[in-house]
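Structure record follows, encoded as structure tokens.
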Number of protein chains: 2
Amino acid sequence: MRKTRIQEISDAAWDLLSEEGVEALTMRAIAARLGVSAPSLYKHVANRDEIVALVQARALIESADALRRAMKRHPDSPHLPAALAYRRWAIRNPAQYRITNDQPLLRDLLPEGLEDDCAVPVMELADWDPDRSRVQWATAHGLISLELAGRFPSYADVDAAWTLAFGP
Amino acid sequence: MRKTRIQEISDAAWDLLSEEGVEALTMRAIAARLGVSAPSLYKHVANRDEIVALVQARALIESADALRRAMKRHPDSPHLPAALAYRRWAIRNPAQYRITNDQPLLRDLLPEGLEDDCAVPVMELADWDPDRSRVQWATAHGLISLELAGRFPSYADVDAAWTLAFGP
DNA sequence: ACTGCTAGGTTAACGCTGTTAACCACTTCA
DNA sequence: TGAAGTGGTTAACAGCGTTAACCTAGCAGT
């Protein structure tokens, strides 16, 4: 089963984000990675947003999986491990995290139900209390967002903040 | 005391953000607001980042002031009022909030000490515990960021989340 | 009063961006 | 055999930040 061209485009975009950051995600750069000219991408996607949506979908899935795996590994006290796993994923994929969480999701272009599916583990961690789950999600997202934006001073003990927020 | 041209540029950029959002903040649009051509802006600023930094500085000051005023108004139980005042400022100035908090601060272009000054009220609210202050800041920032990005469903009770996070 | 500097504007242009139009070759199928 | 569809091409456009070159009004110094 060969890779479809759309998957190749998605992978090229993902790798470009990993290697060169958000600003490097241009149609011409993606095309160059596939050894092709930029306009030919439009034979496979309608516009750049559709490629961004592919990245957002993968980022949502991967980060939710990281959460789920950590919860499975620490079934009795999952909060801190799950939070740290989420943080770890974000720090390792900063451009992907920002492109899916620092701007509106391209919902119309995302697979149906994906967003809800990825919210499940967070709901579960908050014992299905929607308010609690939103606060915990916001705290994790806020800590990551501020860390990625370099808003904590270099001497800040960010680990201690995570432990205080999600620890025992 | 007439307004200096740099202040006029800063104000034009601010108003443009208020009225048309982040993507509308272009050199040509700022210049048009002053009835002038884009290249002439470079007689007053080195580049676009310098204008963004002017906006960031004003946003930091205004949002910190909103915090401080709320704390002064509710000296006995300031946490929730202060948090809601911060949220209110962000919701009323979404483009300015995002341009200063969703990307790295342009520290080299910001007035010396401004960032620290604006962190003081948050520190005070957290009883000068740096870890607590970072968590509370992150929670507020996360809630705002997710709300501005439209990540909460329309039926979500965001007020309840704020009350849960900062309430009594 | 004349000279020359400076402040602050102008237009033209460059390289980048996303995107469209027009064209072309190869494969598939009736 | 011919038609349609697939997936590539180059040229081009408007908008972006930015630079270069030029011009003009006002002020300072002799």
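Keep in mind that the numbers below use all heavy atoms, side chains included, and drop hydrogens, waters and symmetry copies. The sequence lines fix the lettering, A, B, ..., with proteins before strands; numbering per chain opens at 1. What you see is a predicted model, and the numbers here were worked out from it, not measured in a lab.
One interatomic measurement links the two molecules: CG of B:L34 to P of C:dG8, which rounds to 13 Å at whole-angstrom precision. B:R28 places its CZ atom 13 Å from the P atom of D:dA14, with the value rounded to the nearest Å. Atoms CD1 (B:I51) and P (D:dT18) sit 9 Å apart, rounded to a whole Å. In this structure, B:E8 places its CD atom 14 Å from C1' of C:dG9, rounding to the nearest Å. In this entry the distance linking CG of B:D49 with P of D:dC16 reads 17 Å, nearest Å. Between the CG atom of A:N47 and the P atom of D:dA14 there is a distance of 20 Å, given to the nearest Å. Across the protein-nucleic acid pair, B:E50 atom CD and D:dG17 atom C1' stand 14 Å apart, rounded to whole Å. Whole-Å rounding puts the A:Y42 OH to D:dA12 C1' distance at 14 Å.
A close approach under 4.0 Å does not occur between any side-chain nitrogen or oxygen of B:H44 and OP1 or OP2 of C:dA7. At C:dG8, none of the side-chain N or O atoms of B:S40 fall inside 4.0 Å of OP1 or OP2 (strictly under the cut-off). The phosphate of C:dA7 (OP1 or OP2) has no side-chain N or O of B:R5 nearer than 4.0 angstrom.
Contact annotation: the side chain of B:T100 never approaches that of B:V52 to less than 4.5 Å [non-hydrogen atoms, C-beta and beyond]. Contact annotation: the side chain of B:D159 approaches that of B:R87 to within less than 4.5 Å [non-hydrogen atoms, C-beta and beyond].
For B:D131, the salt bridge (Lys or Arg N to Asp or Glu O under 4.0 Å) partners at least two apart in sequence or on another chain are B:R134.
Along DNA chain C, the nucleotide closest to B:L41 and the one closest to A:M27 are compared, and the more 5′ of them pairs with B:L41.
For B:T26, taking side-chain heavy atoms from C-beta onward, the closest of the listed nucleotides D:dC16, C:dT10, C:dT20 is D:dC16. Closest approach to the A:R48 side chain among D:dG8, D:dG17, C:dT19 is made by C:dT19 (side chain taken as heavy atoms from C-beta onward). Here the nucleotide nearest the side chain of A:K43, chosen from C:dA12, C:dG9, D:dG7, is D:dG7.
Across all strands shown, B:L25 has heavy atoms under 4.0 Å from sugar-phosphate atoms exclusively, and none from any base. Within 4.0 Å (heavy atoms only), A:S37 reaches at least one base atom of the nucleic acid.
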Verify side-chain contact (heavy atoms from CB on, under 4.5 Å) between B:D11 and B:K3, making sure each step is shown before the conclusion. CA-CA 10 Å; B:D11 291 350; B:K3 249 204 277 190; 3.0 Å; yes

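A:F166 and A:F152 fall within a single hydrophobic cluster, where Ile, Leu, Val, Met, Phe, Trp and Tyr side chains are chained together by heavy-atom contacts under 4.5 Å.
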